[in-house]
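Read the numbers this way: they start at 1 and go in the same order the structure lists the ligands and their atoms. Treat the numbers as computed from the prediction; the structure is a model and nothing was measured.
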Amino acid sequence: MATMLIVVALAFLATASCNKYKNDDKVILFVNKVGPYFNPHETYHYYQLPVCRPSKIEHKSLTLGEVLDGDRMAMSTYEINFKKDVDKKELCKVKFSDDDLQLLRDAIEDLYYFEFVLDDIPIRGFIGHLEEGGFLPHTHKVFLWAHLHFNIEYNEDQIIYANVSTKEQPPLSLDGENAPREVAFTYSVKWYQTSTKYEERSKRMRDNSFFPKTLEIHWLSIINSMVLVFLLIGFVVIILTRVLKSDFARYNIEEEDSEDLDQDDNGWKIIHTDVFRFPPFKSIFCAILGVGSQFLTLATGIMLMAVLGMFNVHRHGAINTAAIILYAFTSGIAGYIAANMYRKMGGETWVWNINLTSALFAFPLFLVWAVVNSIAWAYGTTQALPWTTVVLLMALWLFVGYPLTVIGGIFGKNWANGFDAPCRTKNIAREIPAVPWYRSAFAHCVVGGFLPFSAISVELYYIFATLWGREQYTLYGILFIVFGILLSVTACISVALTYFQLSAEDYRWWWRSIFSAGSTGVFVFLYALFYYFKRSNMSGLLQSVEFFGYTVLSCYVFFLMLGTVSFFASLKFVRYIYVNLKMD
Ligand SMILES: *[C@@H]1O[C@H](CO)[C@@H](O)[C@H](O)[C@H]1NC(C)=O
């Protein structure tokens, strides 16, 4: 059943309808959304502006991805027929009230663009035109484009490409007292024959996008960061193996003539009766590992799908949909890992543990979404999800996500065998000596967060520009490699930091390992601040709340994923060194 649903979902992501037309067939033009050019996630319905609209508004039914992307398509009143040119023709006359005029002026000042959809091709253009001139006195003129000219390319019986140009006719001034009270909106259509194949139309759309071109990736800087990272990993591995070798040699000699074992001799061996002492707050500890593992799987899955070219790059919606569906279906992993670890660590209240695991991400997500959605709703934007979508998403969590967590948890609990620690833990905990500042938890978090962050810092700009800007990212292969590098760096740093901590006779490495690498999330957040204020032109309450809400959530996901990787790497390392220690 689950696999069937996944297959259906994936098939639905991959399909693209392919329309064929006969001469003079009606080609439907849908109006979609309008919004400020620099706020990609603030969009309104086209009919919220004073424009020509049909007497009865008919909405098109949309896919989940389109709804999530803020699409709300409705029939337009444009009459377009296949291969039939239209000279300047009146669409309708619109009477403007004072409010209407103000609405239009505000929209034009915020650089609103509109999006129509013709045969699945997004067509975008600006609503109006702003002229700013002179320093003193400052002049500020607002113009409206009342005429739209559509260019459509066809190949035999299929539509290949379409765009709109607004500049065919001079714009209307909306300034001052003599602003028009009634405007006739007009349009024209021109058809062009082309030899571009239907299969190449996504490339055609990409090359002639209204938004900036696909980002140029700076290969050199990416290679540069990769080389640095590999050097770093190599360095850590070499140092650690050398140090460990000498540690083992020293400890094993001491073993032979243990009479003169120097009690002052410090090091990680001394704490072997404490190092496997389970940490406090086991339940939430295991929940973090569970959800972290789930997100590692999810991220890998999404990137693999992207590398295999399963997403249409014009719309983010498909990725959102895939992420939501995969999140629901990978919940079993979270339940399994969390309950399994919890049982191994001797946890008793497994029902509570499973509930905590399922709420660990879902609850913050719901909270952020509720705040953003309420504001979006108050603003009347199309980012506010319709209640049917909300019900659908709730149902997905309630009937797929949550039950799978429980089932995974039950399996995890029942299949758990003992923790199998290489050393026995004594009842009485050893005292932990004071450490200098550079070995404090804070210093570890700074180092452990900064290095993984530096491995992805180049890539982060592209990711932000894709998610919160207008750029399109297509090099998923690179992203996948960088993801692999990120995880390797995290594991290496975690092992090194854990080694330092144990050498300082501090055995509380469990939580420390999660936080030391998980703090990468904090660095990503700092980068987001920089991006928001210095690299983007986003503005307004709605866009800010949306940006920061979802950024905090993403940083939290970083924390969960990297904390998990870090802990499991440290666990492997700790087991390795204490197994290899000759014990009495
Ligand atoms: C729109 O399409 C026409 C016809 O293909 C083309 O000549 C024109 O350059 C395009 N305009 C823009 C702004 O892309």
Side-chain angles (χ1 to χ4, degrees), residues 16 18-38 40 43 46 51 73 76 78-89 91 107-108 110-131 143-172 185-216 312-315 465-466 469-474 537:
C18 155
N19 286 326
K20 300 211 166 175
Y21 297 92
K22 286 199 278 302
N23 281 3
D24 281 350
D25 269 1
K26 185 169 168 51
V27 178
I28 302 175
L29 180 71
F30 291 105
V31 299
N32 192 9
K33 50 195 175 185
V34 291
Y37 185 83
F38 288 114
T43 50
Y46 183 70
V51 288
M73 292 184 216
S76 69
Y78 291 94
E79 271 175 39
I80 300 179
N81 296 84
F82 193 63
K83 289 200 335 201
K84 196 165 150 198
D85 287 353
V86 177
D87 287 332
K88 188 173 172 183
K89 184 171 167 187
L91 189 62
I108 294 167
D110 282 342
L111 296 181
Y112 269 43
Y113 72 97
F114 61 86
E115 181 182 298
F116 293 166
V117 178
L118 183 140
D119 196 49
D120 287 334
I121 303 170
I123 304 181
R124 303 176 179 112
F126 283 105
I127 300 283
H129 166 67
L130 195 62
E131 239 177 57
F143 297 95
L144 172 73
W145 299 112
H147 178 83
L148 298 184
H149 176 77
F150 296 97
N151 296 300
I152 310 176
E153 291 179 11
Y154 66 95
N155 184 358
E156 300 197 351
D157 53 359
Q158 290 174 318
I159 295 176
I160 303 299
Y161 174 73
N163 69 14
V164 64
S165 62
T166 46
K167 302 193 172 132
E168 303 287 309
Q169 303 269 326
L172 291 174
F185 283 92
T186 53
Y187 71 102
S188 51
V189 182
K190 180 119 186 77
W191 288 84
Y192 298 88
Q193 176 139 33
T194 172
S195 55
T196 315
K197 293 269 179 311
Y198 190 81
E199 292 71 40
E200 290 157 18
R201 77 178 204 160
S202 15
K203 185 173 176 311
R204 179 82 177 83
M205 281 183 237
R206 197 158 56 230
D207 293 346
N208 287 57
S209 174
F210 173 67
F211 299 127
K213 294 256 159 55
T214 306
L215 285 166
E216 285 292 321
N312 176 352
V313 288
H314 303 292
R315 300 184 174 273
T466 307
R470 300 296 188 178
E471 278 79 2
Q472 294 164 357
Y473 194 94
T474 42
N537 288 309

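Listed by chain and number, residues touching ligand 1 at under 4.0 Å (heavy atoms only) are Asn151, Glu153, Tyr161, Asn163, Tyr192, Arg204.
In this pair, Trp145 and His129 present their aromatic rings tilted. The plane angle is within the 30 to 60° band. Using bins of under 30°, 30° to 60° and over 60° for the plane-to-plane angle, the ring pair Tyr37/Phe126 lands in the tilted bin.
Ring-centre distance between Tyr46 and Phe116: below the 6.0 Å cut-off.
A donor and an acceptor atom, one from each side chain of Ser188 and His149, are located under 3.5 Å apart.
The residue from His147, Glu168, Gln169 that alone fulfils the side chain to side chain donor-acceptor pair (under 3.5 Å) condition with Lys88 is Gln169.
Residues in residues 19-30 take part in no salt bridge (charged side-chain N to carboxylate O under 4.0 Å, His left out) pair, two or more places apart or across chains.
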